[in-house]
Amino acid sequence: MSDVFDNVMDLAKRRGFVWPTTECYGSVAGFIDYGPLGTLVKRRIEDLWRQFYVISEGYYEIECPTIGQEAMYIASGHVKGFSDKMCQCPACNEYLRADHVAEAHNIPNAATLSCEALAEKICTLPCPACNEVLGTVEVFTFNLMFQTTIGPGSQRKGYLRPETAQGIFVDFGRLLRFYRDKLPFGTVQIGRSYRNEISPRQGMIRLREFTQAEAEIFVHPDMKDHPNFSRYADYAFPLLSSEQQLRGLEAKTYTMKEAVAAGVIANEYVAYYLALTHELLVTIGVMPSRLRFRQHLPDERAHYAEDCWDAEIFSERFGWVETVGIADRTDYDLKAHAEQSGDSFTAYIQFDEPRREKRRVINANMGVLGPKYRGKAKAISDALQEVTPGPDGATVIVDGEEIFVPADLYEVKEEEVDVRGVDVRPHVIEPSYGIDRMIYAVLEHSYFEEEVEGEIRKVMRFPSRIAPVQVAIFPLMARDGLDIMAKEIARTLQLQGILAEYDDSGAIGRRYRRQDEIGTPFAVTVDYDSLEDQTVTLRDRDSMKQVRIPKDQLADLIPALIRGKSSFSSLI
RNA sequence: GCAUCGAUGGUCUAGAGGUAUGACUUUGGCCUUCCAAGCCAAUAGCUCGGGUUCGAAUCCCGAUCGGUGCACCA
């Protein structure tokens, strides 16, 4: 049975969009090559993404290493949480999630048990695949991160990053200073991430090496109103909220303003990026009718996330595919890195007006305290600041030891101070895009077959900003100077940064069809009239209509058409 | 990973033990004044590794990749 997926992937391979990697040695599941045209499409989509996030939003892009040291991924939770406890059934060789087996038989918190403890618990249970009692099995952890070593001698563990986000989080301090100590600010990264999927399938939908475009937007935890919310306040599209899902209902269309007011979306920031994502996906060629935003159900959401939505794109083959995740991750990540690293990961936010606050200060009498407690004196003095002293003295805990400090060894003062600001740990709003999935969706949604005079015409209806080849230049015949004029036109456009492809091989109709199949939006043909009156025909891919225009207008017209500043229909 | 089905030029395909058929595409030539026209020629293939056999695309075993179901999918 051949469906759109087969047709699209066949075209993708033949025409150089995407193909399996290292075919001569046998491909490896989960890895793909982008061919010449696919690489162009990918770059164009990434650049459009930058247009939205870097240029429009002002969230500058950074690049971090794809290999990260262990500490970073201990903090992020990937070393622990990104691994599954697995075992292999001795009877049928099936790999099983050991914690799932246990939980299915009402053993609580199975995921938190050690491997040995878990092995003990499940030895009496039946294998869910073959029903044989598992008996003595070894439970092992399978971590989805690719592991490597840094430097010779294997001293330091390194991991290939499973997401680009952590690189941004750990740079928080420097980024904050770059943005001159003000919230909110955002930083983005586009790059490869790696996950050693147990069984990747579905073509380019689940890859072991894939490209993510992530934005991390650091906002004040109490100020989740987006400064430019009005831009999308009236932007409307269907939302499949968790409540609708739980009640078994369909998606409902809201404006962003309504959705925030009704509490469907947690805050303006999340709503703003849902809308921006909708606009971006439609701009790159995703059909609005096959795009929906689904809210994570309470049990599906990461425990720290305040709200989380997926942009899902409908594929004829795969159904609804999660392509973009938009989450309010709260301060989870920054807090985790603060605890692991000892750095503060906070921003000092000044108040508009200094606030006069009463503060109690405890001044230790170091002249007495020092000789009495010796090495511990400094720690005791610090600890005193944190406790409420009793009438006779204060009890502090230093290195686990309880020490009673008599009241005559310190002086308690109430003083009024100007408090000019406060350290806050920002919350993170994270839109995270799977670029490869977006590209697949665009390929599938752009693919059309139509009958033209008894022949099937295959055409990729890419938006012109995404199309790999932007214009094709043909001489009607490759002689009589037509070819020379066509090459000159191609050259002129190329010097403007337009990818113009010259082609003089075969009948003109065949050349049009070739360009249709790779989605080239426009074709310019030089004919015998061109030599007389310096006009050429401009042909539109989608309507196949032609219009005659002066050759000298091409240099302005073609870029305008490709950037959507002008439309072909306005020329007719 | 388990089960199952499949894999022949770039694409589709014939081929059931004797060195691979045809079409499309591509390239070159002829022809051709706007949507895959025609003619001539050329390029190009049995997924990989073992085994059986004088001889394997074909039979057997294994691997790889792909489809489907299950499992997995922070």
Side-chain angles (χ1 to χ4, degrees), chain A residues 1-3 5-7 9-11 13-16 19-32 35 73 76-89 91-97 99-101 111 127-130 142-145 162-163 165-166 193 195-203 205-208 300-305 317 321-322 325 432 452-459 474-480 482 505-517 523-531 536-541 543-546 548:
Chain A
M1 180 199 71
S2 106
D3 62 7
F5 173 80
D6 294 315
N7 292 332
M9 291 318 284
D10 173 57
L11 187 147
K13 271 187 263 188
R14 269 189 301 114
R15 291 304 195 179
W19 56 57
T21 193
T22 53
E23 284 182 289
C24 67
Y25 295 112
S27 336
V28 187
F31 297 95
I32 55 164
Y73 293 112
S76 70
H78 286 97
V79 168
K80 241 193 181 138
F82 209 59
S83 56
D84 297 330
K85 290 203 167 56
M86 303 194 69
C87 65
Q88 192 176 18
C89 170
C92 67
N93 291 329
E94 177 85 342
Y95 280 95
L96 307 162
R97 279 285 295 269
D99 51 329
H100 286 189
V101 174
C127 165
C130 68
F142 179 78
N143 194 294
L144 261 37
M145 284 193 294
E163 59 178 21
Q166 298 305 324
S193 293
R195 294 175 192 180
N196 201 359
E197 297 285 353
I198 295 166
S199 111
R201 285 250 193 109
Q202 309 177 322
I205 297 292
R206 252 175 85 207
L207 296 169
R208 287 182 166 132
E300 172 181 20
R301 195 164 64 206
H303 60 91
Y304 52 82
R317 170 64 76 93
V321 178
E322 306 169 27
S432 169
V452 178
E453 292 170 21
E455 295 269 1
I456 298 289
R457 179 172 92 117
K458 289 184 179 177
V459 50
F474 305 143
L476 189 58
M477 297 294 143
R479 61 178 189 223
D480 301 329
L482 299 183
S505 100
I508 189 80
R510 178 184 299 274
R511 284 179 263 162
Y512 284 138
R513 289 293 187 280
R514 263 204 290 260
Q515 295 298 334
D516 288 342
E517 207 178 14
V524 169
T525 300
V526 174
D527 60 16
Y528 285 93
D529 291 343
S530 308
L531 298 177
V536 293
T537 57
L538 178 66
R539 181 251 196 195
D540 173 56
R541 174 195 67 203
S543 63
M544 293 170 63
K545 285 193 178 137
Q546 297 188 4
R548 199 145 194 110

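Proteins come first, then strands; the chains are lettered A, B, ... in the order of their sequence lines, and each starts at number 1.
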Answer whether the closest heavy-atom distance between the side chains of [X] and [Y] falls below 4.5 Å.
{"X": "A:R548", "Y": "A:L538", "result": "no"}
{"X": "A:K458", "Y": "A:R513", "result": "no"}
{"X": "A:S193", "Y": "A:Q166", "result": "no"}
{"X": "A:T525", "Y": "A:V536", "result": "no"}

Within the sub-3.5 Å range, which N or O atoms of nucleotides 23-34 of chain B have a protein N or O partner, and how far apart are they?
unit_1	atom_1	unit_2	atom_2	d
B:rU25	OP1	A:R510	NH1	3.0
B:rU25	OP1	A:R510	NH2	3.2
B:rU26	OP1	A:R514	NH1	2.3
B:rU26	OP2	A:R510	NH1	2.9
B:rC34	O2	A:Y512	OH	2.5
B:rC34	O2	A:Q546	OE1	3.4
B:rC34	O2	A:Q546	NE2	2.7
B:rC34	N3	A:T537	OG1	3.0
B:rC34	N4	A:D527	OD2	3.0
B:rC34	N4	A:T537	OG1	2.8

Please give the distance between the [atom1] atoms of [N] and [M] as a whole number of Å.
{"N": "B:rG17", "M": "B:rU32", "atom1": "C1'", "value": "50 Å"}
{"N": "B:rU47", "M": "B:rU11", "atom1": "P", "value": "12 Å"}
{"N": "B:rA42", "M": "B:rU4", "atom1": "P", "value": "47 Å"}
{"N": "B:rA20", "M": "B:rC34", "atom1": "P", "value": "44 Å"}
{"N": "B:rG67", "M": "B:rC30", "atom1": "C1'", "value": "46 Å"}
{"N": "B:rA71", "M": "B:rU13", "atom1": "C1'", "value": "37 Å"}
{"N": "B:rU53", "M": "B:rU58", "atom1": "P", "value": "16 Å"}
{"N": "B:rA16", "M": "B:rA57", "atom1": "P", "value": "13 Å"}

Considering only side-chain heavy atoms of A:R513, which listed nucleotide, B:rG10, B:rA36, B:rC65, is closest?
->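 Closest of the options to the side chain of A:R513: B:rA36.
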
How many Å lie between [atom1] on [X] and [atom2] on [N], as a whole number?
{"X": "A:R208", "N": "B:rC65", "atom1": "CZ", "atom2": "C1'", "result": "12 Å"}
{"X": "A:D10", "N": "B:rU13", "atom1": "CG", "atom2": "P", "result": "11 Å"}
{"X": "A:L11", "N": "B:rC12", "atom1": "CG", "atom2": "C1'", "result": "15 Å"}
{"X": "A:M9", "N": "B:rG67", "atom1": "CE", "atom2": "P", "result": "9 Å"}
{"X": "A:E197", "N": "B:rA71", "atom1": "CD", "atom2": "P", "result": "16 Å"}
{"X": "A:L144", "N": "B:rC72", "atom1": "CG", "atom2": "P", "result": "13 Å"}
{"X": "A:H78", "N": "B:rC73", "atom1": "NE2", "atom2": "P", "result": "14 Å"}
{"X": "A:E23", "N": "B:rC65", "atom1": "CD", "atom2": "C1'", "result": "10 Å"}

Can you name the nearest heavy-atom pair linking A:R208 to A:A29, along with the distance?
->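 A:R208 and A:A29 have their closest heavy atoms at NH1-O, 3.0 Å.
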
Distance, nearest 0.5 Å, that separates [atom1] of [X] from [atom2] of [Y]:
{"X": "A:L207", "Y": "A:I32", "atom1": "CG", "atom2": "CD1", "value": "5.0 Å"}
{"X": "A:D516", "Y": "A:R457", "atom1": "CG", "atom2": "CZ", "value": "4.0 Å"}
{"X": "A:E163", "Y": "A:S76", "atom1": "CD", "atom2": "OG", "value": "6.5 Å"}

What residues, two or more places apart in sequence or in another chain, satisfy salt bridge (charged side-chain N to carboxylate O under 4.0 Å, His left out) together with A:D480?
->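 Listed in chain order: nothing, the list is empty.
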
Is there a Watson-Crick or G-U wobble partner for [N] with both distances under 3.5 Å, and if so, which one is it?
{"N": "B:rA37", "value": "none"}
{"N": "B:rC65", "value": "B:rG6"}
{"N": "B:rC46", "value": "none"}
{"N": "B:rA20", "value": "none"}
{"N": "B:rU58", "value": "none"}
{"N": "B:rU52", "value": "none"}
{"N": "B:rA71", "value": "none"}

Contact class for A:L482 (heavy atom, under 4.0 Å): base, sugar-phosphate, or nothing?
->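 No contact.
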
Report which part of the nucleic acid A:R206 touches: base, sugar-phosphate, or nothing (heavy-atom distance under 4.0 Å, all strands).
->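 It contacts base atoms.
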
By nearest nucleotide on RNA chain B, pick out whichever of A:R457 and A:R14 is the more 5' one.
->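 On the 5' side of the pair lies A:R14.
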
